[in-house]
Structures are given as structure tokens and as C-alpha cells.
Amino acid sequence: MDIQAWHLWTLAAIAAGTLEMMLPGFVVLWFGVGALGAALAAALGVGTSGQFALFSVVSLGLFASSRTIFKKAFMRDASPMKTGVPAMLGQEAVVVEALAEGAGGTVRINGELWSARPLGGDVAEGERVIVEQVEGLKLWVRHAAVTRELTPSHKKEGF
């Protein structure tokens with residue numbers, strides 16, 4: 001049996017498909033589809049340079065457009081994930097070292113210790129507070145009960 005170019009392209013497509021199943025993400029899949037396109041071109045008698053050109057155009061085109069396609073198809077209703085300072089605002093923290101007006105103290109939020117200052121009076125150790133703002137490496141916090149009373153969404157619910 002004589003090995004022809006379309007055989008090699010088909011083997012490349014199978015290898016890419018196998019790798020795709022073993023690797024995370026859609027990366028190698030598009031090169032497998034490009035190899036199938038090149039195999040079809042080879043079977044139709046297109047020259048070697050045409051096969052490589054078709055492989056490159058199909059593979060790179062699908063690779064470049066796949067993020068847009070998948071984002072529109074699967075993530076249309078997804079909200080952006082908050083990280084850093086925006087993620088901490090409104091979060092609950094526990095006072096580790098009492099917070100005094102003017103002196104500050106320490107709170108634990110998401111397993112980390114942060115320097116904090118109270119808004120609206122002293123806060124005893126062990127109490128829960130809500131992060132109202134972040135200034136550098138310092139959190140400005142308020143009693144959790146006080147914050148709940150001031151939140152408009154809670155007023156609607158009757159809290």
C-alpha cells in the first residue's frame with residue numbers, strides 16, 4: 001500500500017483529536033479540523049503548498065474565532081467575576097483586635113488579616129463588620145447590624 005498525503009493528514013487529525021481529549025481547553029482541536037481539511041484537499045489532488053495553506057487558514061481561523069464563538073454561545077449571561085478591592089466591598093469580616101476610633105485594629109476577611117478602622121464607633125473583638133471602603137492596605141468597616149439597617153434592599157424586605 002502506498003502512503004499518500006491524505007493518509008498523513010488524516011493521521012495528524014486523529015493525533016490532534018486524541019491530544020485534545022487529553023489536554024484541557026480547545027486548542028489542538030482546531031488543528032485537527034485543519035488537518036481534515038488538508039486531507040480532503042489532498043484527496044482532491046491539491047498540491048502540497050495548497051494543502052499547507054488550507055491547513056493554516058482553517059486552523060488559525062478557527063483558533064482565533066473560537067473564543068468569540070464560545071463566549072457568545074456559553075457566557076452570554078455571565079457576570080464578570082469581581083476580584084481584588086471590588087470583591088471585598090460589602091463583604092463580612094470578623095474583628096480580631098478591637099477597633100477603636102482613631103486607633104484602628106485588625107479584622108479577618110477571607111482568611112487574611114487586615115488593618116482596619118471603624119466607621120461609626122468602636123467595635124469589640126469577635127464582632128462581625130462589613131467592609132465599606134478600602135484605602136491602600138486599610139479597610140474601613142461598619143458594624144454588620146448598622147449596615148444591614150441602612151441597606152435599601154433590606155428595607156424593602158422588611159428588615
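Note that the structure is predicted; figures quoted are calculated from it, not measured. Numbering of residues begins at 1 and proceeds along the displayed sequence.
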- What pairs of residues pass the salt bridge (Lys or Arg N to Asp or Glu O under 4.0 Å) test when at least one of them lies in residues 117-129, not counting sequence neighbours?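 Found Glu92-Arg128.
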- Listed by chain and number, what are the side chain to side chain donor-acceptor pair (under 3.5 Å) partners of Gln133, not counting sequence neighbours?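 Gln133 satisfies side chain to side chain donor-acceptor pair (under 3.5 Å) with no residue once adjacent residues are dropped.
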- Among all residues two or more places apart in sequence or in another chain, which pass the side chain to side chain donor-acceptor pair (under 3.5 Å) test with Glu112?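 Per chain and number, Glu112 pairs via side chain to side chain donor-acceptor pair (under 3.5 Å) with Trp114.
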- How would you list all residue pairs meeting side-chain hydrogen bond (donor to acceptor under 3.5 Å, both in side chains) that involve residues 12-27, not counting sequence neighbours?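 Qualifying pairs, neighbours excluded: none.
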Donor-acceptor pairs are to be reported for all side-chain atoms of residues 33-62 against protein atoms at under 3.5 Å, with residues two or more places apart or in another chain.
residue: Gln51; atom: OE1; partner: Trp9; partner atom: NE1; Å: 2.7
residue: Gln51; atom: NE2; partner: Val46; partner atom: O; Å: 2.8
residue: Ser56; atom: OG; partner: Phe52; partner atom: O; Å: 2.9
residue: Ser59; atom: OG; partner: Trp30; partner atom: O; Å: 3.4
residue: Ser59; atom: OG; partner: Phe55; partner atom: O; Å: 2.8

- Task: Rounded to the nearest 0.5 Å, what's the gap from CG on Leu139 to OG on Ser115? Could you check?
- Result: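 With rounding to 0.5 Å, CG (Leu139) is 8.0 Å from OG (Ser115).
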- Query: Are Ile130 and Val141 close enough, and set up right, to give a side chain to side chain contact (heavy atoms under 4.5 Å, CB included), and what steps lead you there?
  - Reply: CA-CA 5 Å; Ile130 302 291; Val141 298; over 6 Å; no
- Shared ILVMFWY cluster between Leu8 and Ile14, side chains joined below 4.5 angstrom?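 In one cluster: no.
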- Please answer: with hydrophobic residues joined when any side-chain heavy atoms are less than 4.5 Å apart, are Leu11 and Met21 in the same cluster?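 No.
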- Query: Given a cutoff of under 4.5 Å between side-chain heavy atoms of I, L, V, M, F, W and Y, with clusters grown through shared members, what are the other residues clustered with Trp6?
  - Reply: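 Cluster partners of Trp6: none, it stands alone.
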- Item | Other ILVMFWY residues reachable from Val94 by side-chain steps of under 4.5 Å |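 In the cluster with Val94 there is nothing else; it is isolated.
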- Within residues 91-110 or reaching into it, pairs that qualify as ring-ring contact (aromatic ring centres under 6.0 Å, His included) - sequence neighbours excluded: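 Every pair satisfying ring-ring contact (aromatic ring centres under 6.0 Å, His included) with a residue in residues 91-110: there are none.
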Report, one line per pair, each donor and acceptor closer than 3.5 Å where one atom sits in a side chain of residues 96-108; sequence neighbours left out.
residue: Glu97; atom: OE1; partner: Thr106; partner atom: OG1; Å: 3.4
residue: Glu101; atom: OE2; partner: Gly121; partner atom: N; Å: 2.8

- Check side-chain contact (heavy atoms from CB on, under 4.5 Å) between Gln91 and all other residues, then give those that pass, not counting sequence neighbours.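 With sequence neighbours excluded, Gln91 shows a side-chain contact (heavy atoms from CB on, under 4.5 Å) to Ile109, given in chain and number order.
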